[in-house]
Amino acid sequence: AGISLVVGSIGLMNIMLVSVSERTWEIGMRRAIGAQRSDILLQFLTEAVLLSLVGGLFGMVLGIAGSFAVGLAVESLRGYVAVTPDIVITALVVSTLVGVLSGIYPAWRAARLQPTQALRHMA
């Protein structure tokens, strides 16, 4: 599970870095019309958290479906396979933490772009 979290966070960070590089002109335009660095930072952190939460919810649905399928298929495991609310809450918290931790560097990188240099980077 730990290796999966590390690999997932690296993948999410790469996706966010590509998003920053593809949207450099947009970031420059927002900064030029008055957006603060904190606004840009918050935007990209929010996107990273939302991406990780969607992935976490998708994984949770697959996990719940898999646990019920195992419980139905294997009679000896029927009472042992259970999904409780604390497991669901833990999964959502871990997913959010992965989103925040892997989104910090791309968000910081986007927030420190200079508007004049970012506007020159028109696609």
Side-chain angles (χ1 to χ4, degrees):
I3 293 172
S4 296
L5 285 173
V6 170
V7 170
S9 65
I10 290 171
L12 181 60
M13 185 183 301
N14 285 334
I15 289 170
M16 293 306 298
L17 284 170
V18 169
S19 177
V20 168
S21 66
E22 289 291 322
R23 295 163 58 189
T24 301
W25 188 81
E26 173 194 335
I27 295 165
M29 182 60 74
R30 288 190 66 213
R31 290 289 314 273
I33 61 173
Q36 301 295 316
R37 286 183 178 202
S38 60
D39 298 329
I40 305 296
L41 186 77
L42 185 63
Q43 174 189 351
F44 280 94
L45 272 178
T46 302
E47 288 178 19
V49 168
L50 284 175
L51 276 173
S52 68
L53 277 175
V54 167
L57 287 172
F58 184 70
M60 197 171 8
V61 167
L62 286 176
I64 291 170
S67 69
F68 284 131
V70 167
L72 291 175
V74 181
E75 284 293 323
S76 62
L77 294 177
R78 186 157 300 211
Y80 294 106
V81 180
V83 179
T84 59
D86 59 330
I87 292 173
V88 172
I89 291 170
T90 302
L92 291 175
V93 167
V94 168
S95 181
T96 302
L97 283 174
V98 166
V100 168
L101 292 176
S102 61
I104 287 174
Y105 177 69
W108 174 77
R109 190 168 168 182
R112 70 184 180 112
L113 286 173
Q114 294 297 321
T116 53
Q117 292 175 346
L119 286 172
R120 288 187 192 132
H121 187 275
M122 186 144 178

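Positions are given from 1, in the same order as the sequence printed here.
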Membership question, hydrophobic clusters at under 4.5 Å side-chain separation (ILVMFWY): are [Y] and [X] in the same one?
X	Y	value
Leu17	Phe44	no
Leu101	Val98	no
Phe68	Ile87	no
Leu53	Met60	yes

Heavy-atom closest contact ([X] atom, [Y] atom, distance):
X	Y	result
Ala32	Pro115	N-CB, 4.1 Å
Val83	Ser67	CG2-OG, 3.4 Å
Val20	Pro106	CG2-O, 3.5 Å
Leu12	Ser52	CD2-CB, 3.9 Å
Gly28	Leu119	C-CD2, 3.8 Å

- Mark yes when over 12 heavy atoms from residues, nucleotides or ligands other than Leu62 sit less than 6.0 Å from its CG; otherwise mark no.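 Enclosed.
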Measuring from atom [atom1] of [X] to atom [atom2] of [Y], what distance do you get when rounded to the nearest 0.5 angstrom?
X	Y	atom1	atom2	result
Ile27	Arg112	CD1	CZ	11.5 Å
Met29	Arg23	CE	CZ	14.5 Å
Gln36	Leu41	CD	CG	12.0 Å
Gln43	Ser19	CD	OG	8.0 Å
Ile15	Glu47	CD1	CD	11.5 Å
Leu97	Ser9	CG	OG	11.5 Å

Strictly distance-based, threshold 3.5 Å: is any side-chain N or O of [X] a donor or acceptor partner for the main-chain N or O of [Y]?
X	Y	answer
Ser102	Ile10	no
Ser95	Ala91	no
Arg37	Arg31	no

I want to check something: taking the side chain as every heavy atom from C-beta on, are [X] and [Y] in contact at a cut-off of under 4.5 Å?
X	Y	answer
Val49	Leu45	no
Leu57	Leu92	yes
Asp39	Arg30	yes

